[in-house]
Amino acid sequence: MQNLYLLIAGLIGYFCGAIPFGYMYVKATKGINILEVGSGRTGGTNSYRAAGIGTGVITALSDVFKGFAAVWLTRTLFGAELGPQWLPWASVVAGVMSVVGHNWSIFLGWRGGAGTGPNVGWAMAIWLPIFPISWIVMIGMLVGLGMASVASLTMAAVIPVSFFVLYVLGVPGYDTTIAYMVGGMASAAIVAWALRPNIKRLLEGNERLVGPRARALERKQQ
């Protein structure tokens with residue numbers, strides 16, 4: 001029976017993640033197809049490129065919500081049936097599949113984002129402080145380096161490391177299970193896979209810039 005619940009949790013996660021908020025917001029505000037702008041992804045960074053900072057922030061928050069909602073729904077629906085042994089694993093399946101759904105949305109012909117938003121969202125549903133940590137990391141990286149891909153990869157690494165530290169320290173109120181570490185590593189691998197083109201450009205030294213560094217470069221070239 002647990003396998004059925006895990007399957008349903010995966011479907012919940014996938015379809016929560018597959019909701020293309022970035023595509024919808026950019027279409028509604030600018031009337032353009034975000035898949036044809038910049039990186040062609042639907043996350044906060046490309047929404048910012050396509051429709052400005054307001055749309056970018058709303059998209060990022062909505063993408064975080066998708067991952068959070070996937071775990072919250074799974075826990076609400078199956079908490080009593082699965083119990084403390086299996087519920088963490090169902091939560092992880094829902095969370096990781098929200099990243100998959102975001103990156104390869106059935107509603108966009110298997111296209112989407114890089115997975116950072118829902119990755120933060122599902123981790124936040126497990127341990128709330130992940131959310132402010134993510135904003136500090138992401139804003140710091142974007143302002144300092146101006147590379148969204150580096151910010152996403154850094155945050156993808158921070159999540160499993162955070163869960164490892166929580167597990168080792170035995171923090172009160174945090175489930176002592178390896179499930180969340182496993183989920184963090186799985187979602188980090190998915191984010192890294194989606195960012196393969198960016199990693200290639202990073203190694204070649206020609207990755208796209210965003211934010212203050214991008215504007216400074218534009219002024220320098222004028």
Side-chain angles (χ1 to χ4, degrees), residues 1-21 42-43 61-131 133-134 152-153 155-196:
M1 195 63 179
Q2 285 88 354
N3 290 338
L4 177 60
Y5 287 129
L6 292 175
L7 175 61
I8 297 172
L11 291 173
I12 290 172
Y14 178 83
F15 282 102
C16 281
I19 301 170
F21 284 118
T42 60
L61 291 173
S62 298
D63 289 343
V64 169
F65 173 75
K66 294 193 296 188
F68 182 91
V71 175
W72 181 83
L73 284 171
T74 297
R75 291 184 160 192
T76 300
L77 293 173
F78 306 132
E81 289 80 4
L82 289 172
Q85 180 180 359
W86 284 99
L87 187 58
W89 290 103
S91 301
V92 162
V93 169
V96 172
M97 287 303 295
S98 73
V99 180
V100 173
H102 176 77
N103 289 6
W104 298 282
S105 172
I106 191 173
F107 304 119
L108 296 178
W110 312 111
R111 296 180 66 181
T116 302
N119 192 27
V120 169
W122 83 259
M124 180 182 75
I126 305 301
W127 190 56
L128 190 60
I130 283 288
F131 185 69
I133 290 171
S134 71
S152 295
L153 290 167
M155 195 59 225
V158 166
I159 289 172
V161 169
S162 297
F163 286 145
F164 172 76
V165 171
L166 290 168
Y167 177 77
V168 170
L169 295 180
V171 174
Y174 176 79
D175 296 334
T176 53
T177 172
I178 65 169
Y180 305 134
M181 287 185 287
V182 172
M185 290 186 288
S187 59
I190 294 167
V191 170
W193 178 264
L195 289 172
R196 295 187 323 282

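This one's a predicted model, so the numbers in the text were calculated from it and none came from an experiment.
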Value rounded to 0.5 Å, distance of OG1 in T74 from CE in M97: 11.5 Å

pair V191-H102: side-chain heavy atoms closer than 4.5 Å: no

Nearest atoms (heavy-atom pairs only) where L82 meets A90: CD1-CB, 3.5 Å

Whether over 12 other heavy atoms sit under 6.0 Å from W72 CH2: no

Heavy-atom closest pair, residues A123 and I159: CB-CG2, 3.8 Å

With sequence neighbours excluded, residues passing side-chain contact (heavy atoms from CB on, under 4.5 Å) with P160: M185

Expected output: side-chain R196 to main-chain W193 donor-acceptor under 3.5 Å: yes

From W104 atom CH2 to I190 atom CD1, the distance as rounded to the nearest 0.5 Å: 6.5 Å

Sole residue of S187, S134, S152 in side chain to side chain donor-acceptor pair (under 3.5 Å) with T116: S152

Euclidean distance, L7 CG relative to N3 CG, rounded to 0.5 Å: 9.0 Å

Where A9 and V93 come nearest, the two heavy atoms and their spacing: C-CG1, 4.3 Å

Which atom of I130 lies closest to which atom of V120, heavy atoms considered: CG2-O, 4.0 Å

Side-chain donor/acceptor of S98 to backbone N/O of G13, under 3.5 Å: no

Heavy-atom pair of closest approach, residues G83 and P88: O-CD, 4.3 Å

4.5 Å side-chain heavy-atom contact, I12 and L77: yes

Within 6.0 angstrom of F131 CZ, more than 12 heavy atoms from elsewhere: yes

pair F78-L73: side-chain heavy atoms closer than 4.5 Å: no

Criterion side-chain contact (heavy atoms from CB on, under 4.5 Å) on T42 and R111, from CA distance to verdict: CA-CA 8 Å; T42 60; R111 296 180 66 181; over 6 Å; no

Selection residues 61-72 - residue pairs positive for salt bridge (charged side-chain N to carboxylate O under 4.0 Å, His left out), sequence neighbours left out: D63-K66

From CZ (F68) to SG (C16), nearest 0.5 Å: 11.5 Å

Value rounded to 0.5 Å, distance of CD1 in I19 from OH in Y14: 11.5 Å

Verdict with supporting geometry, W89 and V182, side-chain contact (heavy atoms from CB on, under 4.5 Å): CA-CA 9 Å; W89 290 103; V182 172; 4.1 Å; yes

Closest non-hydrogen atom pair, F107 against F15: CZ-CD2, 4.1 Å

Criterion side-chain contact (heavy atoms from CB on, under 4.5 Å) on M181 and V92, from CA distance to verdict: CA-CA 9 Å; M181 287 185 287; V92 162; over 6 Å; no

Pairs under 3.5 angstrom only: tabulate donor-acceptor contacts from the side chains of residues 165-172 to other protein residues two or more places apart or in another chain.
none

